[in-house]
Amino acid sequence: MDAAPLAVELKGIWKRFPGVVANAGTELTVKRGSIHAVLGENGAGKSTLMNVLAGVYRPEEGEVRLFGERVVFANPADALAAGVGMVHQEFRLVPTFTVAENVVLGAAERVLNMGAVERRVAELAEQFSLDVDPQRHIWQLSMGERQRVEILKALWRDAEILILDEPTAVLTPNEADELGLVIRRMANDGRSVIFISHKLHEVKQYCDEATVLRGGKTVAASMAVVDLTPQQLAELMVGEATDAALRPEPRQAGDQLLTVQDLCALNNRNLEALSNISLSVHGGEIVGIAGVAGNGQRELSDVIAGLRESTSGTVKLFGEDITTATPRQRFRAGLSYIPEDRVGVGLAPQLSVTDNAILRSYREHTRGPLIAVDRAKAFCADVVDSFKVRTGSLDQRIAGLSGGNLQRLLVGRELTAKPSVIVASQPTRGLDVQGVKAIQELLIDARNEGLGVLMVSEDLDELLAISDRIIVMHGGRIAAEYGGADANRSAIGLAMAGETP
Amino acid sequence: MIFGLTFPETAVIGLLFAAIQFGAMIYLASLGEMIAERAGVLNLGVEGMMAMGAVGGFVFAIETGSPWLGLLAAAVIGGAVAMIHGLFAVVLGANQVVSGLALTIFGVGLANFWGTDYEGVRPEVQFVDVDWGPLSDISWIGRILFQQSPLAYLAVLLGFVTWFVLNRTRGGLALRAAGESAATADAAGHSVLGLRLFAVAIGGAFAGIGGAYLSLSISPGWTVGVVAGRGWIAVALVIFGAWKVRRVALGAFLFGLAMALPNRTESFDLPWDPILWSMLPYVLTIAVMIAGALVLRNRPPAAPAALGLPFRREER
């Protein structure tokens with residue numbers, strides 16, 4: 001142990017939620033002026049622990065020390081005042097406010113001189129090389145810029161300790177590298193940065209030390225990152241050796257099933273979200289759509305599924321024009337859809353497992369005008385069994401199921417319809433390692449059975465692992481396309497950032 | 001003569017004077033509702049708060065002999081009545097539409113009950129129109145703009161104050177944040193509950209003053225139903241004004257015109273029965289709502305994003 005004073009000490013933190021123990025005596029120490037990674041799978045207790053440090057949750061047991069002094073936070077404002085700033089995964093920004101207004105919200109003079117405030121925000125941004133215009137409104141900014149605003153907020157409050165909760169999830173690889181430089185500058189300035197992640201290469205690249213959590217317990221504390229291999233980190237995280245990529249055997253693609261020609265569409269703000277997108281999906285292949293969130297992927301999958309009108313262009317299934325078909329007609333024609341919002345668009349949270357299972361096919365489970373409950377239940381039991389959905393009962397509201405089980409139910413429902421083409425939008429986002437693997441395997445199985453799969457994902461590693469082809473979207477256009485063999489991370493990363501490789 | 005209509009000078013001046021009078025009254029109530037909505041609380045109880053302000057203002061003015069004390073009482077009563085909505089809709093997180101409707105029914109009913117003994121009482125105390133000296137003597141403009149009740153000038157002043165506080169102070173920034181994204185305001189260390197209660201109380205006070213404008217200045221005295229649905233117009237006006245002070249002011253004048261016209265149909269030789277013309281403000285309200293909906297259909301809404309959503313800090 002060297003002599004550097006400890007910025008953060010979390011000792012024996014316990015935090016329980018109904019039915020879950022999120023932190024079971026978790027320990028964490030962070031040195032002053034260092035970048036400390038907190039690693040773990042979903043559900044390992046990372047976010048809960050950070051919310052304890054940031055004053056959002058109060059621990060049932062254990063103590064929090066900052067610079068050697070014991071502190072008790074009643075709310076996030078207390079933590080901020082003590083110098084702990086947190087950048088949440090969902091940004092806490094007011095979209096209709098300007099950057100400057102957001103930065104000073106909660107720490108402003110009584111009467112605002114916006115001109116002076118904007119200048120001071122610009123100076124602070126300059127000091128840490130955070131490139132963002134204080135006068136612009138949040139809704140006009142990219143995710144990367146919004147994150148910089150969040151970091152500025154913490155710096156404005158003079159945070160000594162900055163917590164970043166999975167900060168790279170919304171960034172392009174280049175933006176992530178920029179972030180790495182910013183936090184390094186902060187560390188050199190004597191501040192401490194806690195970097196939550198489950199991406200191993202990032203930890204290797206940006207961090208000094210790492211603490212690994214598993215099941216709410218600390219399994220490895222403050223290890224120097226330089227001595228570790230990603231493989232070792234992965235083993236600590238998962239608790240067993242992970243197998244390498246699932247990459248399926250290359251195979252001859254079948255018939256052209258889904259054809260999109262010169263497709264244009266608007267987003268919710270009535271701005272052009274898709275311009276002249278043309279692509280095709282063949283039987284027996286997984287086509288991956290890569291891109292940073294908000295580059296038209298969502299609109300593309302919505303238009304194909306019939307949930308959004310196109311302004312021009314055509315969508316064909318088996319050569320038949322379905323551009324103006326209803327979602328139901330498309331479903332019956334063999335198109336299944338796994339939407340990005342699995343709860344809300346895909347599943348109805350207040351309905352039971354059975355009701356959700358028959359949402360697509362309820363007309364087939366009827367007696368006269370009534371739902372045949374017995375047949376619906378039998379159908380649901382079948383889906384639940386085949387796709388290993390863990391649920392207490394079929395009548396339970398799905399709001400109580402975990403993310404992985406929800407997704408199994410949704411994918412199961414869509415695959416049971418025996419579609420020819422599946423459009424899957426972010427099907428593994430937010431799932432833990434086991435869940436991700438299960439969903440990926442289902443999609444690969446579907447592909448091996450000759451289905452065409454169009455998969456949108458923001459996780460480049462995932463796309464590289466399972467896609468036969470990768471299409472990169474940027475600014476509503478197709479920026480690049482790669483066959484499975486010649487796809488490489490850096491080229492795709494550049495294309496995602498809008499640079500021509 | 002235009003379109004076969006006559007425009008006698010005195011009638012036009014009278015109409016514009018009354019338009020400003022009614023406009024200022026409705027402006028006060030609308031400003032208050034706008035403040036509450038900017039903080040994220042929809043308060044449909046304006047009608048009830050105005051009725052309570054009207055009767056309370058009149059009673060206190062009569063009993064104390066001072067219209068200003070009556071006005072103060074109207075503001076306090078309006079704010080206090082609004083806190084009923086604050087308790088249910090803000091603190092307890094109840095449905096804001098239901099709570100607001102209940103407040104209207106309750107406020108109007110209680111005002112009528114309270115006012116029973118004061119109905120027809122001669123209004124010996126009321127606001128005297130301000131005399132601005134030479135300004136008031138200017139032809140046309142003097143009569144229209146500079147011989148108004150002090151409450152009209154108060155309305156203008158409160159409009160400027162509201163704009164300044166909302167847009168140029170820390171408190172206003174926090175209040176708007178509570179209406180746009182309560183979780184963000186909370187994370188920044190503001191008390192969302194406190195901000196919203198404050199906004200609702202101020203909204204009630206403004207509505208109370210609007211009510212007192214009716215009972216102490218426009219038609220001094222108390223009669224059942226004196227507010228006559230104008231609280232609802234105030235709510236519609238906030239939408240018409242897109243939650244902005246300046247546009248609410250413009251809309252208030254427009255609706256003031258619509259409210260002033262029905263009493264003057266004879267001076268202008270207008271066709272149809274005056275009763276039909278008295279529907280004008282309400283028809284206009286509906287027209288504005290429809291037009292607003294059509295215009296805004298394809299645009300991001302101007303409404304505060306968290307309007308109508310109760311806030312509870314998330315503990316999963």
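First the proteins, then the strands, lettered A, B, ... as listed; each starts at 1. Here the structure is a predicted model, which means the values were calculated and not measured. Note that these values count all heavy atoms, side chains included, but never hydrogens, waters or copies made by symmetry.
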Around atom [atom1] of [X], are there more than 12 heavy atoms of other residues, nucleotides or ligands at under 6.0 Å?
{"X": "Phe198(B)", "atom1": "CZ", "value": "no"}
{"X": "Gln140(A)", "atom1": "CD", "value": "yes"}
{"X": "Phe88(B)", "atom1": "CZ", "value": "no"}
{"X": "Arg136(A)", "atom1": "CZ", "value": "yes"}

Checklist entry - What distance separates Glu90(A) CD from Thr184(B) OG1, expressed to the nearest 0.5 Å? => result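 Going from the CD atom of Glu90(A) to the OG1 atom of Thr184(B) covers 11.0 Å.
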
Item to check | Side chain proximity check, Val111(A) to Phe164(B), heavy atoms < 4.5 angstrom | outcome: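 Yes. Closest side-chain heavy atoms under 4.5 Å.
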
Checklist entry - Between Ala77(A) and Gly189(B), what is the shortest heavy-atom contact and its length? => result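 What the structure gives for the nearest pair is CB-CA, 3.5 Å.
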
Checklist entry - Which heavy atom of Leu112(A) sits nearest a heavy atom of Arg170(B), and at what distance? => result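 Where Leu112(A) meets Arg170(B) most closely, the heavy atoms are CG-N, 4.0 Å.
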
Item to check | Winner by heavy-atom pair count (cut-off under 4.5 Å) against chain B, out of Val104(A), Leu93(A), Asn75(A) | outcome: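 Winner by heavy-atom pair count: Leu93(A).
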
Next on the checklist: Please classify the contact of Leu105(A) with chain B as side chain, backbone, both or neither, using a heavy-atom distance under 4.5 Å.
Outcome noted: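 For Leu105(A), backbone and side chain are both near chain B.
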
Next on the checklist: Can you tell me which portion of Glu109(A) sits under 4.5 Å from chain B's heavy atoms? Options are side chain, backbone, both or neither.
Outcome noted: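 Glu109(A) touches chain B through backbone heavy atoms alone.
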
Next on the checklist: Looking at Arg92(A) and Ser181(B), would you say the former's side chain and the latter's main chain have a donor-acceptor pair under 3.5 Å?
Outcome noted: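 No, Arg92(A) side chain to Ser181(B) backbone: no donor-acceptor pair under 3.5 Å.
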
